[in-house]
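Throughout, a chain's letter reflects where its sequence line sits, starting with A, and its residues are numbered from 1.
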Number of protein chains: 2
Amino acid sequence: MPRIGMEAERRRSLIAATVDAIHEQGYCDVTIAQIARKAGVSGGLAHHYFGSKDQLLAATMRHLLHELGEGIRARLAEAHTPRARLSAIIAGNFETGQFREAVIAAWLAFYSQARTNPASQRLLRIYSARLVSNLTHSLRSFLPLPDAQLVAEGTASMIDGVWIRRALKEAPPDPEAAIRLVEDYVEAQILLHRARASGATTPQSDGGRPE
Amino acid sequence: MPRIGMEAERRRSLIAATVDAIHEQGYCDVTIAQIARKAGVSGGLAHHYFGSKDQLLAATMRHLLHELGEGIRARLAEAHTPRARLSAIIAGNFETGQFREAVIAAWLAFYSQARTNPASQRLLRIYSARLVSNLTHSLRSFLPLPDAQLVAEGTASMIDGVWIRRALKEAPPDPEAAIRLVEDYVEAQILLHRARASGATTPQSDGGRPE
DNA sequence: TTTGATTGATTGATCGTTCAATTAAAAATA
DNA sequence: TATTTTTAATTGAACGATCAATCAATCAAA
């Protein structure tokens, strides 16, 4: 029963269905027919609105990137100290709604697939560069530039690592535990680099009781 | 020109070709024909030795897991203090030969694909559990169990995160930088948790100069 | 009547898999 | 040694299934 103005709704539900289908079937085995059925439409309609399977998948990835970016931007708008901005970025990366099994599965698939798809690769690189840039900027309040860059890269790595390891776990995602892990890293790095800078000889854990 | 005793050599070169093909074509688009051509044999031979495409891919994943495990085991055999064992595990995860573009691409693909393949999932989980267990055990020399478990999980996350971020970079892999990043995390965590345990009030970086 | 939404059958290409046929090394036999 | 037999290696053509993509036809709101 065709009503007019269906396009926006259909695009939305097809993209949502794509995320779920990737979760259930795996990126490689997902078919247009399955996605369409899950969205409650025919396979032909998916092509009508997205042109091709590749474009539907690309649109889905852009959607996830956009949602994640929006969440972080919203949190940053409320954060008024460098330390609060760091926490905003970290928490934004584990926001419920993003940090869900199906979304994690899709992200992982896109990461893998982007390696051989220049357009996807470009998008992920831009997002990643902005993340590291934001982190570096906030960290500059606590650390000299070289250290800030190192810790920013480390923070980004740990965020991605927590995501990828989530994909293998069976227990439901635990955003709070994830945030704690990354916050611990940032906090410890700030304190340690500061201690080093304040002239103390670099402490070594090597002196720990041997085996 | 059939010589006898080709099986071992053919299996080896087909697995190597699979890694390269995943690197070049992407996991989803890889075909038996491409892999076989890269290995210098016909498509039929791949089926003769591996039975099916799925089994060839599974064998390739097992091969990568085995190689990585062997490298770490060799390093652990030379490490005689808990701290050295931590470093052995970390360095083993970034050994040249493993930490290469093609291998990274394959790992990423297997991680993604394992989500919908119970057999692959099981293998990755076992490997991951052993990694965390080894880390926890060595960290127990420096930290109480709950902290050791937390830091072990953090270390594993950062290792995986560095791997996945490698997949998006264009510069060649830099094992030393990767190792430094993870070592910094472990070192800082040990020092920080120790400071906390020694009765000092938990230091806060919040006092840093504001924006 | 026009227009956008929607379908489902069809097409064409791709690819995993199978298999009968071929090759040449090794083993057995003369 | 020469000849035959056996056996493993290897190929490439053929089959069958799966899909992405197309398109003509239908439907109902404007």
Side-chain angles (χ1 to χ4, degrees), chain A residues 1-61 106 109-110 112-113 116-117 119-120, chain B residues 1-61 106 109-110 112-113 116-117 119-120:
Chain A
M1 316 98 182
R3 292 167 291 164
I4 66 153
M6 285 285 93
E7 178 159 353
E9 182 180 329
R10 292 275 117 106
R11 291 184 93 97
R12 249 186 290 118
S13 63
L14 278 166
I15 285 174
T18 302
V19 172
D20 286 345
I22 290 173
H23 174 49
E24 288 168 26
Q25 303 285 331
Y27 187 89
C28 300
D29 299 332
V30 102
T31 70
I32 287 273
Q34 287 167 343
I35 294 171
R37 181 153 33 84
K38 203 177 275 287
V41 299
S42 73
L45 202 63
H47 281 93
H48 180 249
Y49 283 129
F50 286 96
S52 74
K53 183 184 181 182
D54 276 350
Q55 285 174 274
L56 170 54
L57 290 167
T60 303
M61 184 178 124
F110 286 130
S112 176
Q113 195 268 351
T116 50
N117 180 330
S120 302
Chain B
M1 319 92 182
R3 291 167 292 163
I4 66 154
M6 286 284 92
E7 177 159 353
E9 181 179 329
R10 291 276 117 103
R11 292 184 92 97
R12 249 185 291 118
S13 63
L14 278 166
I15 285 176
T18 302
V19 172
D20 287 345
I22 290 174
H23 173 49
E24 287 169 27
Q25 303 285 331
Y27 186 89
C28 300
D29 299 332
V30 102
T31 71
I32 287 274
Q34 287 166 345
I35 294 172
R37 181 153 31 83
K38 204 176 274 286
V41 298
S42 74
L45 203 62
H47 281 93
H48 180 247
Y49 283 128
F50 286 95
S52 73
K53 183 183 181 183
D54 277 349
Q55 286 175 274
L56 171 54
L57 290 167
T60 303
M61 185 178 122
F110 287 129
S112 176
Q113 195 266 351
T116 51
N117 181 330
S120 302

Legend entry - Nearest heavy-atom neighbours spanning B/Leu14 and B/Thr18: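 Where B/Leu14 meets B/Thr18 most closely, the heavy atoms are O-OG1, 2.7 Å.
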
Inset, instruction - Determine the minimum heavy-atom distance between A/Ile15 and A/Phe50, stating which atoms define it. - result: CG1-CZ, 4.0 Å

Nearest-angstrom distance from the residue atom [atom1] of [X] to [atom2] of [N]:
{"X": "A/Ile4", "N": "C/dT2", "atom1": "CD1", "atom2": "P", "answer": "18 Å"}
{"X": "B/Leu45", "N": "D/dT10", "atom1": "CG", "atom2": "P", "answer": "5 Å"}
{"X": "B/Gln55", "N": "C/dG16", "atom1": "CD", "atom2": "P", "answer": "14 Å"}
{"X": "B/Arg10", "N": "D/dT11", "atom1": "CZ", "atom2": "C1'", "answer": "12 Å"}
{"X": "A/Arg11", "N": "C/dA5", "atom1": "CZ", "atom2": "P", "answer": "11 Å"}
{"X": "B/His48", "N": "C/dT22", "atom1": "NE2", "atom2": "P", "answer": "18 Å"}
{"X": "B/Met6", "N": "D/dT11", "atom1": "CE", "atom2": "P", "answer": "12 Å"}

Can you pull the salt bridge (Lys or Arg N to Asp or Glu O under 4.0 Å) pairs that have at least one residue in [range], sequence neighbours excluded?
{"range": "residues 43-52 of chain A", "result": "none"}
{"range": "residues 40-52 of chain B", "result": "none"}
{"range": "residues 44-59 of chain B", "result": "none"}

Legend entry - Contact pattern, 5' to 3', of nucleotides 17-22 of chain D - B, S or - by protein heavy atom under 4.0 Å: --SSBB

Inset, instruction - For A/Tyr49, answer base if it contacts any base atom (sugar-phosphate contacts may also be present), sugar-phosphate if it contacts only those atoms, and nothing otherwise; contact means non-hydrogen atoms under 4.0 Å. - result: sugar-phosphate

Inset, instruction - Give the angle between the helix axes at the two ends of the helix from C/dT1-D/dA30 to C/dA30-D/dT1, taking five base pairs at each end and rounding to 10°. - result: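 That helix gives 10° between its end axes.
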
Inset, instruction - Please identify each residue that fulfils salt bridge (charged side-chain N to carboxylate O under 4.0 Å, His left out) with B/Glu9, with sequence neighbours left out. - result: none

Legend entry - For A/Arg10, all residues meeting side-chain hydrogen bond (donor to acceptor under 3.5 Å, both in side chains), sequence neighbours excluded: none

Inset, instruction - Sort and list the pairs that fulfil side-chain hydrogen bond (donor to acceptor under 3.5 Å, both in side chains) and have at least one residue in residues 40-52 of chain A, not counting sequence neighbours. - result: A/Ser52-A/Gln55

Please table the atom pairs, donor to acceptor, closer than 3.5 Å between any side-chain atom in residues 22-29 of chain A and protein atoms at least two apart or in another chain.
| residue | atom | partner | partner atom | Å |
| --- | --- | --- | --- | --- |
| A/His23 | ND1 | B/Arg115 | NH2 | 2.7 |
| A/Glu24 | OE1 | A/Lys38 | NZ | 2.8 |
| A/Glu24 | OE2 | A/Lys38 | NZ | 3.1 |

Legend entry - Selected nucleotide, minimal atom distance to B/Val41 side chain, candidates D/dT11, C/dA5, D/dT10: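 Within the option list, the nearest is D/dT11.
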
